[in-house]
2 protein chains.
Amino acid sequence: MRLMTRWLTEDELDAWLRLAGVMLKLGPALDSQLQRDSDMTHFDYLCLAMLSESGDRTRTMSDLAGKTNASLSRLSHVITKLEKRGYVSRCPSPASRRVTMVRLTDDGWGVLVKAAPGHVETVRSLVFDGLSADDVAALEKIAGHIVERIEASRLDSTC
Amino acid sequence: MRLMTRWLTEDELDAWLRLAGVMLKLGPALDSQLQRDSDMTHFDYLCLAMLSESGDRTRTMSDLAGKTNASLSRLSHVITKLEKRGYVSRCPSPASRRVTMVRLTDDGWGVLVKAAPGHVETVRSLVFDGLSADDVAALEKIAGHIVERIEASRLDSTC
DNA sequence: TCGATAAACTTGAAGCATCAAGTGTTGTTG
DNA sequence: CAACAACACTTGATGCTTCAAGTTTATCGA
C-alpha cells in the first residue's frame with residue numbers, strides 16, 4: 001500500500017484505455033470466429049497449436065500450461081473437454097508418476113489444420129494488416145515487457 | 001474463405017504470441033488484485049470509472065457499453081449486480097422511454113475512490129513502469145489500430 | 001397513419017474461468 | 001529413513017460471459 005498514488009499521465013491513460021479495449025474485444029472476436037467456423041475457443045485452439053509444435057505432439061500439463069499462459073486448473077478442465085471430443089489424450093509420463101502427458105491425436109491434428117487458415121486470416125486482418133515492421137517490433141517488445149512484469153509479480157507474491 | 005492462407009512471418013508470430021500472452025494474463029491479474037482488495041472485477045471497476053467521468057455520473061446503457069467495450073447483454077447483467085450492491089441505480093431517461101440510464105450512487109463513488117489507488121498502482125507496475133514515452137505512444141497507436149479494426153469488422157458482418 | 005423494421009435493452013440457459021480444497025507423488029532434511 | 005514440505009495435477013462449486021430469444025419503444029416508408 002502506498003500513501004501517495006502515482007496517477008497515470010494523460011498519454012498513459014489514453015494508451016491504457018485502448019489496451020483495455022484490446023483485452024475486452026480481441027479475445028471475444030477471436031472466440032467468435034473460431035466458435036462459428038470450428039466450434040472451438042481461442043484457448044482450445046492455442047492448446048492444440050502448442051501441442052502440434054512439439055516434436056511428438058506431446059507435452060506435460062505444466063509445460064502446456066506455461067506455453068498457453070494458463071493456470072493448471074483451467075488447462076485441466078479444457079483438456080478434459082478436448083479429450084471427450086477425441087482431439088487429445090492423456091497418458092502417464094515415463095519419467096514421473098505425478099506428471100500427466102497430453103498428446104494431440106490425429107483427429108485433433110485434423111481439426112487444427114482445418115481451423116488454422118481462418119484463424120490466421122482473422123489474426124492478420126484484426127491485428128497485423130496495416131502495421132509496419134517497426135510497429136510489429138514495438139508490439140513484441142511492449143507485450144513482452146508486460147508479460148514479463150506479470151510473471152515477476154506473481155513470483156513476488158508467492159514468496 | 002481464402003484459398004491460399006497468408007501465414008504470419010516469424011516476427012509477426014512472435015509478436016502475436018506475446019500479445020496473446022497479454023490477453024490471457026493481464027485481465028486475470030487485474031481481476032485478481034481488484035477482487036482481493038475491493039471485491040470487484042476489472043470490468044466492474046471500468047463501469048464505475050466510466051460513470052464517474054460523466055458530468056452527472058449518469059450514462060445510458062448503450063453509451064456505457066461503448067465506453068467499456070462491452071455487449072449490452074454483458075453490461076446489463078453486471079449493472080444488475082452492481083445495482084444489488086447499491087453502487088449504481090437504473091432510472092428512466094427523460095428523452096426516450098426505451099433507453100435506461102445508469103447513475104453512480106454515492107456508495108458507488110466511495111467504493112471507486114477506495115479502489116482506485118491500488119488499481120492504478122497495479123496498472124502502473126504491470127504495464128507502464130519501464131516504458132518510455134515513445135513506447136507509450138506506440139502502444140496507444142497499435143492498440144487503437146486493433147480496436148478500430150475489430151469495430152470495422154463487426155460493421156462488415158452486420159450488413 | 002399504419003405497419004414493418006430497427007433500436008435499446010432484459011432475461012435465462014449453457015458454457016467458461018477461477019478459486020479453494022483435495023489426492024497422490026517426489027524430493028528434502030533432521 | 002521417516003516425517004514434512006513441495007510439486008503436479010484434479011475436482012466441484014461459484015460467479016461471469018455469451019448466445020439466442022423476447023419485450024417494449026421509436027422510426028421510417030408507403
Side-chain angles (χ1 to χ4, degrees), chain A residues 23-47 59-85 88 90-102 154-155 157-159, chain B residues 23-36 39-47 59-85 88 90-102 154-155 157-159:
Chain A
M23 288 195 299
L24 288 160
K25 287 193 130 99
L26 187 50
L30 297 171
D31 281 339
S32 164
Q33 180 269 321
L34 279 167
Q35 202 71 253
R36 174 167 48 80
D37 297 341
S38 306
D39 189 34
M40 66 170 77
T41 298
H42 178 229
F43 185 72
D44 296 343
Y45 180 94
L46 259 185
C47 290
R59 286 182 190 283
T60 67
M61 290 290 284
S62 290
D63 183 22
L64 188 54
K67 293 278 178 195
T68 57
N69 293 292
S71 69
L72 223 30
S73 167
R74 177 180 188 179
L75 184 64
S76 184
H77 283 294
V78 169
I79 290 299
T80 299
K81 180 187 73 176
L82 296 178
E83 199 173 20
K84 277 181 193 154
R85 295 189 188 175
V88 303
R90 277 188 241 240
C91 38
S93 159
S96 164
R97 283 205 277 170
R98 69 180 162 179
V99 337
T100 307
M101 311 220 51
V102 191
R154 294 205 59 71
L155 288 182
S157 59
T158 315
C159 288
Chain B
M23 287 197 300
L24 287 160
K25 287 194 130 99
L26 186 51
L30 297 171
D31 281 340
S32 164
Q33 179 269 322
L34 279 166
Q35 202 73 252
R36 174 167 49 79
D39 188 34
M40 66 169 80
T41 297
H42 178 228
F43 185 73
D44 296 344
Y45 180 93
L46 258 186
C47 290
R59 285 183 192 281
T60 68
M61 290 290 284
S62 289
D63 183 22
L64 188 54
K67 293 278 177 194
T68 57
N69 293 292
S71 69
L72 225 28
S73 167
R74 176 180 188 180
L75 184 64
S76 184
H77 282 295
V78 169
I79 290 298
T80 299
K81 180 187 74 176
L82 296 178
E83 199 173 20
K84 277 180 192 153
R85 295 188 186 175
V88 303
R90 276 188 241 241
C91 38
S93 159
S96 162
R97 285 206 276 172
R98 70 179 163 180
V99 339
T100 308
M101 311 219 53
V102 191
R154 293 204 58 71
L155 289 183
S157 59
T158 314
C159 289

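Proteins come first, then strands; the chains are lettered A, B, ... in the order of their sequence lines, and each starts at number 1.
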Between A/Asp44 (CG) and C/dA17 (C1'), how many Å, whole number? 12 Å
Please tabulate, for the side chains in residues 27-34 of chain B, all donor-acceptor contacts under 3.5 angstrom to protein atoms that are two or more places apart in sequence or on a different chain.
| residue | atom | partner | partner atom | Å |
| --- | --- | --- | --- | --- |
| B/Asp31 | OD1 | B/His42 | N | 2.8 |
| B/Gln33 | OE1 | B/Thr122 | OG1 | 3.4 |
| B/Gln33 | NE2 | B/Asp37 | OD2 | 3.0 |

For DNA chain D, whose closest nucleotide is more 5', that of B/Arg97 or that of B/Ser71? B/Ser71
So, using salt bridge (charged side-chain N to carboxylate O under 4.0 Å, His left out) as the criterion, who are the partners of B/Arg90 when residues are at least two apart? B/Glu83
List for me each residue that meets salt bridge (charged side-chain N to carboxylate O under 4.0 Å, His left out) alongside B/Lys25, sequence neighbours excluded, and say none if there are none. A/Glu151
Not counting sequence neighbours, which residues clear ring pair (Phe, Tyr, Trp, His ring centres under 6.0 Å) with A/Phe43? List them please. none
Check every strand shown and say whether A/Arg90 touches a base, only sugar-phosphate, or nothing at a heavy-atom separation below 4.0 Å. sugar-phosphate
C/dA6 C1' sits how many Å from B/Leu72 CG, rounded? 14 Å
Counting just side-chain N and O atoms, does B/Ser96 come under 4.0 Å of either OP1 or OP2 of C/dA8? no
Taken to the nearest whole Å, CG/B/Leu75 to P/C/dA8 is 14 Å
How would you give the extent of chain B contacts on DNA chain D, as first and last nucleotide 5' to 3' within a 4.0 Å heavy-atom cut-off? D/dC16 to D/dA26
Euclidean distance, atom CG of residue B/Asp63 to atom P of C/dA7 [Å, nearest integer]: 17 Å
May I have the distance from B/Leu64 (atom CG) to C/dC9 (atom C1'), rounded to whole angstrom? 13 Å
Applying side-chain hydrogen bond (donor to acceptor under 3.5 Å, both in side chains), can you list everything that pairs with B/Lys81, at least two apart in sequence or on another chain? B/Asp44
In B/S/- notation, 5' to 3', how is nucleotides 19-24 of chain C contacted by protein heavy atoms closer than 4.0 Å? BB---B
Round to the nearest Å and state the distance from B/Lys81 atom NZ to C/dT10 atom C1'. 17 Å
Going by salt bridge (charged side-chain N to carboxylate O under 4.0 Å, His left out), name the residues that satisfy it together with A/Arg59, two or more places apart in sequence or in a different chain. A/Asp63
Going through the checks in order, is the side chain to side chain contact (heavy atoms under 4.5 Å, CB included) test met by B/Leu75 and B/Cys47? CA-CA 9 Å; B/Leu75 184 64; B/Cys47 290; 3.7 Å; yes
Of all heavy-atom pairs linking B/Ile79 and B/Val88, the shortest is O-CG2, 3.9 Å
On a heavy-atom basis, the closest approach of A/Met61 and A/Ser76 is CE-CA, 3.5 Å
